[in-house]
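Report on the structure given below.
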Amino acid sequence: MFALVDCNNFYASCERVFNPALNGKPVVVLSNNDGCVIARSNEAKQLNIKMGTPTFVIKDMIASKRVHAFSSNYALYGEMSARVMEILSRFSPDYEVYSIDEIFIKLEGFTYHNLREYGAKMISKVTKGTGIPISVGIAPTKALAKVANKIAKKFIHKTGGVHVIDSEELMEKALLWTQIDDVWGIGRRYAEKLKKIGVTTARDFTQLPDAYVLKEMTVVGLRLKRDLSGKPTLDLEEMADRKNMAVTRSFKNDITDYAALRERVVTYVTKLAEKLRKQNSCCQSLQIFIHSNPHKKEHRKYYNSVTINLPYATNSTIVMTQYTLKGLQKIFLKGILYKKAGVIALGLAPNDSRQLAIFKEETAEHAALFSSVDHLNKKNHGKIKFAGQDLNSTWKMRCEHLSKRYTTRLHEIITIRCNH
DNA sequence: TCTGGGGTCCTAGGACCC
DNA sequence: TCTGGGGTCCTAGGACCC
C-alpha cells in the first residue's frame with residue numbers, strides 16, 4: 001500500500017502557524033511580484049477566490065482586511081516543509097518527497113497494521129510537531145492514493161483526514177466520484193480531449209482500451225491507466241540530481257528596448273551562476289527565452305528561445321553572461337512588448353566530475369574570483385554587481401505583504417508574550 | 001494599470017554513423 | 001518499374017506536475 005500525505009493549503013497554513021489569529025479567516029498567499037493567488041485557506045476558497053486569480057481582482061478585499069494576503073515567503077515554507085517531511089519519514093523506511101507539501105510513503109509489510117489508525121497517527125504527530133494540517137490517502141497504488149487523499153480532504157468531517165481504499169467496492173466508488181479533470185496526470189489538454197469522447201470520470205478512463213490510451217496519451221497515459229485501475233505500475237522514484245536549473249521572471253511593466261531587456265537577462269544569468277556555484281554544479285548549455293505579454297491580445301505575440309552549447313561546463317558568471325548575450329541578440333526582435341525572460345542552465349553536473357574540454361578550458365582565475373565574489377555578497381547582501389546589471393537596482397520585486405522568516409533568521413524569530 | 005516560477009518526461013524527426 | 005538495414009544522439013515541442 002502507498003500513503004500520500006499532503007499538507008492542506010500549505011503556504012496559507014504556514015502563515016497561520018505563526019499568526020494563529022488568522023485561524024478561521026480567509027488567507028491567501030501571492031506569487032512572486034504579488035502577481036496572483038497561489039495558495040488559499042478554505043475560507044478564501046469559499047469566497048470564490050480561484051487559484052491564479054490576479055491580485056488586482058481581489059485588491060478591495062485585501063485592503064478592507066476581509067482577506068489576509070501574504071507575499072510568498074519561501075524561506076519559511078521550505079523550512080516548514082523540511083520539518084513536516086522529517087516527521088513523516090519516520091513512518092516508513094521507503095518514501096518519496098514528491099513536492100514541497102507532499103510525500104508518498106510505501107507501507108510494505110504493514111499487513112497487520114490498522115492503516116486508518118496509522119494515518120491518524122501521522123496527523124497527530126505532524127500537528128503536534130509543526131502545527132501544519134495534513135490529509136492522508138492510503139491505497140494499493142500511487143494514483144489511487146492520490147484519489148484517496150482527495151476524498152480524505154473533501155469529506156474531512158467524515159474521514160477525520162484519513163481515507164483508505166482497501167477493497168474493490170471502495171475503489172469503484174472512488175473512481176466514479178473522481179472527475180476526469182481531477183485525476184493526477186491528466187491536465188487541461190487531455191481532459192478536454194477525453195470529455196469529447198464521453199470520458200467524464202476516472203472510472204470511465206480506466207475502461208478505455210489500452211491501444212487508444214497509448215496512441216493518444218503515450219506510455220505515460222497507459223501507465224497511469226494501469227495504476228489507477230489498481231495494478232501497481234508507478235513505484236517510488238529515487239531522488240535524482242536535478243538536470244536543469246532556471247531563473248525566470250515576469251517584469252512589472254512591459255519592456256521594449258534592447259538595453260533594458262539585456263539588463264534583466266544579465267541579472268538573471270548572474271543569479272543562475274550564483275545558484276549553480278552554491279550547490280557546486282556547473283552547466284553544459286544554456287537556454288535563453290523571451291516572451292511578449294500574453295494578456296495583451298492586441299499586440300504582436302512573440303515567444304522565442306535559443307539553446308547554446310558551451311565549449312566547456314562552467315559556472316562562471318563571466319562566461320555564462322557572454323554566451324547568454326550572444327543568444328539574446330539572436331532572438332531579440334524590435335517592436336515587441338516583452339513581459340518575461342529567463343535563462344535556464346541545462347546539463348547540470350557536479351563541479352568535480354564535469355566533462356573537461358580538450359582545447360578550451362576556463363581561465364583558472366574564475367574559480368577563485370567567484371569564490372571571493374560570493375563570499376563578499378553573502379556578507380554584504382549583493383553589493384558586488386556585474387557591469388551589465390543595473391547598479392541602482394530599481395527592479396525590486398514587489399512583495400508588500402511579506403511575513404517574517406520566523407524559522408531561519410534569529411532576529412526575525414517569533415516573540416512570545418506571557419501574561420501572568 | 002495590475003495576471004508566478006521551477007521543474008520532469010516522452011516523442012518525432014533530423015543528422016549522423018557503419 | 002525497381003535504390004538497404006540498423007543504429008545513436010540531439011533537440012524542439014507538447015504534455016504534465018507542484
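Residue numbering restarts at 1 for every chain, and letters A, B, ... go by the order of the sequence lines.
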Please step through side chain to side chain contact (heavy atoms under 4.5 Å, CB included) for the pair A:Arg66 and A:Leu47, ending with a clear verdict. CA-CA 10 Å; A:Arg66 247 185 96 201; A:Leu47 288 175; 3.3 Å; yes
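- Among the atoms of the strands shown, none is found under 4.0 Å from any heavy atom of A:Val57.
- Across all strands shown, A:Asp101 has heavy atoms under 4.0 Å from sugar-phosphate atoms exclusively, and none from any base.
- At a threshold of 4.0 Å, the pair A:Lys106-A:Asp235 counts as salt-bridged, since one of the basic side-chain nitrogens sits closer than that to a carboxylate oxygen.
- Using a 4.0 Å heavy-atom distance criterion, A:Val183 is classed as a sugar-phosphate-only contact.
- Nucleic acid contact for A:Ile186: sugar-phosphate only, since backbone atoms but no base atoms lie under 4.0 Å from a heavy atom of the residue.
- Among the candidates A:Asn8, A:Asn149, A:Thr159, the single residue satisfying the side chain to side chain donor-acceptor pair (under 3.5 Å) test with A:Ser135 is A:Asn8.
- Each of A:Val220 and A:Thr248 was matched to the nucleotide of DNA chain B holding its nearest heavy atom; the match closer to the 5' end belongs to A:Thr248.
- First and last contacts of DNA chain B with chain A, using any nucleotide atom under 4.0 Å from a protein heavy atom and ordered 5' to 3', fall at B:dC2 to B:dT11.
- Salt-bridge formation is not detected for the pair A:Lys142/A:Asp227: no Lys NZ or Arg NE/NH1/NH2 atom is positioned less than 4.0 Å from an Asp or Glu carboxylate oxygen.
- The residue A:Thr53 sits apart from the nucleic acid: no heavy atom pair falls under 4.0 Å.
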With Watson-Crick and G-U wobble geometry limited to distances under 3.5 Å, how should the secondary structure of DNA chain C be encoded in dot-bracket form, using | for bases paired to another strand and [ ] for crossing pairs? ....||||||||||||||
Going through the distances and angles, do A:Trp184 and A:Phe104 end up as a ring pair (Phe, Tyr, Trp, His ring centres under 6.0 Å)? CA-CA 14 Å; A:Trp184 180 47; A:Phe104 282 106; 5.6 Å; yes
Starting from the C-alpha separation in whole Å, work towards a yes-or-no answer on ring pair (Phe, Tyr, Trp, His ring centres under 6.0 Å) for A:Phe110 and A:Tyr118. CA-CA 10 Å; A:Phe110 283 66; A:Tyr118 206 53; 5.2 Å; yes
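- Checked against a 6.0 Å centroid threshold, the rings of A:Phe155 and A:His157 do not count as neighbours.
- Comparing the same atom, C1', in B:dC17 and in C:dG4 gives a spacing of 15 Å after rounding to whole Å.
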Name every donor-acceptor pair, under 3.5 Å, that has one atom in a side chain of residues 68-75 of chain A and the other anywhere in the protein, sequence neighbours excluded.
{"from": "A:Ser71", "atom 1": "OG", "to": "A:Asp34", "atom 2": "OD1", "distance (Å)": "2.8"}
{"from": "A:Ser71", "atom 1": "OG", "to": "A:Asp34", "atom 2": "OD2", "distance (Å)": "3.4"}
{"from": "A:Ser71", "atom 1": "OG", "to": "A:Glu400", "atom 2": "N", "distance (Å)": "3.3"}
{"from": "A:Ser71", "atom 1": "OG", "to": "A:His401", "atom 2": "N", "distance (Å)": "2.9"}
{"from": "A:Ser72", "atom 1": "OG", "to": "A:Leu30", "atom 2": "O", "distance (Å)": "2.5"}
{"from": "A:Asn73", "atom 1": "OD1", "to": "A:Leu76", "atom 2": "N", "distance (Å)": "3.3"}
{"from": "A:Asn73", "atom 1": "ND2", "to": "A:Ser403", "atom 2": "O", "distance (Å)": "3.1"}
{"from": "A:Asn73", "atom 1": "ND2", "to": "A:Ser403", "atom 2": "OG", "distance (Å)": "3.1"}
{"from": "A:Asn73", "atom 1": "ND2", "to": "A:Lys404", "atom 2": "O", "distance (Å)": "2.9"}

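- Exactly one residue among A:Lys340, A:Lys296, A:His299 makes a side chain to side chain donor-acceptor pair (under 3.5 Å) with A:Asp254. That residue is A:Lys296.
- In this structure, A:Lys296 reaches the sugar-phosphate backbone alone: every heavy-atom distance under 4.0 Å involves primed, P, OP1 or OP2 atoms, never a base.
- Looking at heavy-atom distances under 4.0 Å, A:Lys146 makes contact with sugar-phosphate atoms alone, never a base.
- Positionally, the nearest nucleotide of DNA chain B for A:Val247 lies more toward the 5' end than for the other of A:Val247 and A:Glu237.
- Among the heavy atoms of the strands, none lies under 4.0 Å from A:Met217.
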